[in-house]
Amino acid sequence: MTPAAPLVYLVGAGPGDPGLITRRGIECLAAADVVVYDYLAAPELLRHAPAGAERIYVGKRAGDHTLSQAEINRLLVERARAGNTVVRLKGGDPFVFGRGGEEAEALADAGIAFEVVPGVTSAVAAPAYAGIPLSHRRLTATIAFVTGHEDPDKPESGIDWAALACGIGTLVFFMGVKTLPAIASALIGHGRDPQTPAAVVHWGTTPRQRTVTGTLADIAERARQAGVRPPALVVVGEVVRLRERLNWFERRPLFGRRIVVTRAREQVSDLARRLSALGAECLETPAIRIAPPEDFGPLDEAIAALAATDWVVFTSVNGVDFFFDRLEAAGRDARALAGVKAAAIGPATAARLKSRGGIRSDLVPETFRAEAVVEAFRREPLAGRVVLLPRAAGARPVLPRELAAMGAVVREVEAYRTLPEPTDPAELIARLEERAVDLITFTSSSTVTHFLDLLPPARREALLAGVPCACIGPITAETARRAGLAVAVEAPRYTIEGLVAAILAWAA
Ligand code: SAH
């Protein structure tokens, strides 16, 4: 950002789904020294801010006014005056019932430059995710956004209820959970048909979304029975009928399933993204992390000796990455593998070999485990051939043992290590206590063991009792079973795609 750039960005975070922030919003976060956010802004979005940026939570959940509005205004001014680039991250759109206008006024009064980055307001997004188009050519030509804070019985109510009841097609009420009975009766009292369809959307666009539908006459009672709590929006109008056919989000195959993902941080998002796209709510609890070997010496020596090597067998994406990192560190490139054959344990590893090194695998087994690699090698002349195996420390011994038994000269070198990740288990434990975990995914034996280590030993069994888990293949499943876990899903194809497909079949 140039020195003349605004000091404070009032950024709309979107309605909850972290994918619904704007590009401009992400750019601002990436440049932030300070991020001031509240509970409606998706916490995942904070990842876009630099690691060293100050993150200040200012609450704003009903009843939890961590900071008052005046204090927030002062905080923005003070941090900006100290020369920081400040992002004020606000749920939905900053200028739609978010008091962003007041914050901008405070900045203007203080002579501080600011920029407003509009966001997708929940008033539009939550109905969209509930399958309710706010306008429809056949049904309505007008839409109103109304704050439901106001008690319609108050004589000084600033809302023209008669105009709303009879003059507007679709009504969207913010913050209307407590006042819903009063809102419904005010609309009916001012002439709106009691049979008008109505919906309440709770935590719209998130995996926690819940929608209750009814009519103006009964929506308050239905919402009460369903125990709907804030944040929620109330939608009133004929368009609510369309939900029956257009409810695309809540019908996703994994919608509402709460799934723990235990892969390494570098890889967790791929699996989590796929599961989320199918509607699952993912709790990312990386149990392992991928680290360089203690000593690169053996790998470097093996790379120096590639000219005298017949095969390189890659057993993971990480193995490919560390191998090529060291190759490049030595000032060399994929040509060092000219004349060397390459094997990959599965399609993901083969794909990385192709993208990273431009190398097509000469051998990829039918099923993706060490035993299958051994089987595939039975068709290859191995006697006296030098086979390099760059892989994780502590990997299963079957591959080097069997290849050696076929006459190969096996050079197993440590290319990386799988270490426990010191993830804070507080949220995981809280969810397990609430029985709010439907499935735990494991993508390797090390994720199983290190995941278990995250839990206090004395409580492990109770916390995990009856919680099903999904394993990427038989080895992982065996480790999980031996640890006393309930394996409900075992992927027949030992890939992330295979795991996702097996989870889908389980959910169905
Ligand atoms: N500026 C925000 C609104 C802030 S007022 C926006 O544009 O969306 C806070 C109210 O917004 C909540 O009480 C609730 O009525 C509504 N709201 C915000 N996010 C929501 C969500 N994900 N689902 C349902 N309602 C939401």
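Remember, it's a predicted structure, so these values are computed and weren't measured experimentally. First listed ligand is number 1; within each ligand, the first listed atom is number 1.
- Aromatic rings of F145 and F97 (six-membered ring for Trp) have centroids beyond the 6.0 Å cut-off, not under it.
- Under the 3.5 Å distance criterion, with hydrogens and angles disregarded, a donor-acceptor pair is assigned to the side chains of Y129 and D17.
- Residues passing the side chain to side chain contact (heavy atoms under 4.5 Å, CB included) test with T211, sequence neighbours excluded: A130, A199, V201, Q209, T213, R243, E250.
- Contact record, R79 with V86: CB-CG2, 3.8 Å, taken as the closest heavy-atom pair.
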Between ligand 1 and the protein, give all atom pairs where both partners are nitrogen or oxygen and the distance is under 3.5 Å, as lines of names plus distance to 0.1 Å.
unit_1	atom_1	unit_2	atom_2	d
ligand 1	1 (N)	G91	O	3.0
ligand 1	1 (N)	D93	O	2.8
ligand 1	1 (N)	V96	O	2.7
ligand 1	7 (O)	D93	N	2.9
ligand 1	7 (O)	T121	OG1	2.7
ligand 1	8 (O)	T121	OG1	3.3
ligand 1	8 (O)	S122	N	2.9
ligand 1	8 (O)	S122	OG	2.6
ligand 1	15 (O)	M175	N	2.6
ligand 1	15 (O)	A232	O	2.7
ligand 1	17 (N)	S122	OG	3.2
ligand 1	22 (N)	P15	O	2.8
ligand 1	22 (N)	G204	N	3.3
ligand 1	22 (N)	G204	O	3.0
ligand 1	23 (N)	G204	N	2.8

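- The distance between the ring centers of Y9 and F114 does not fall below 6.0 angstrom.
- Residues R81 and I112 have side chains in contact (heavy-atom distance under 4.5 Å, counting atoms from C-beta outward).
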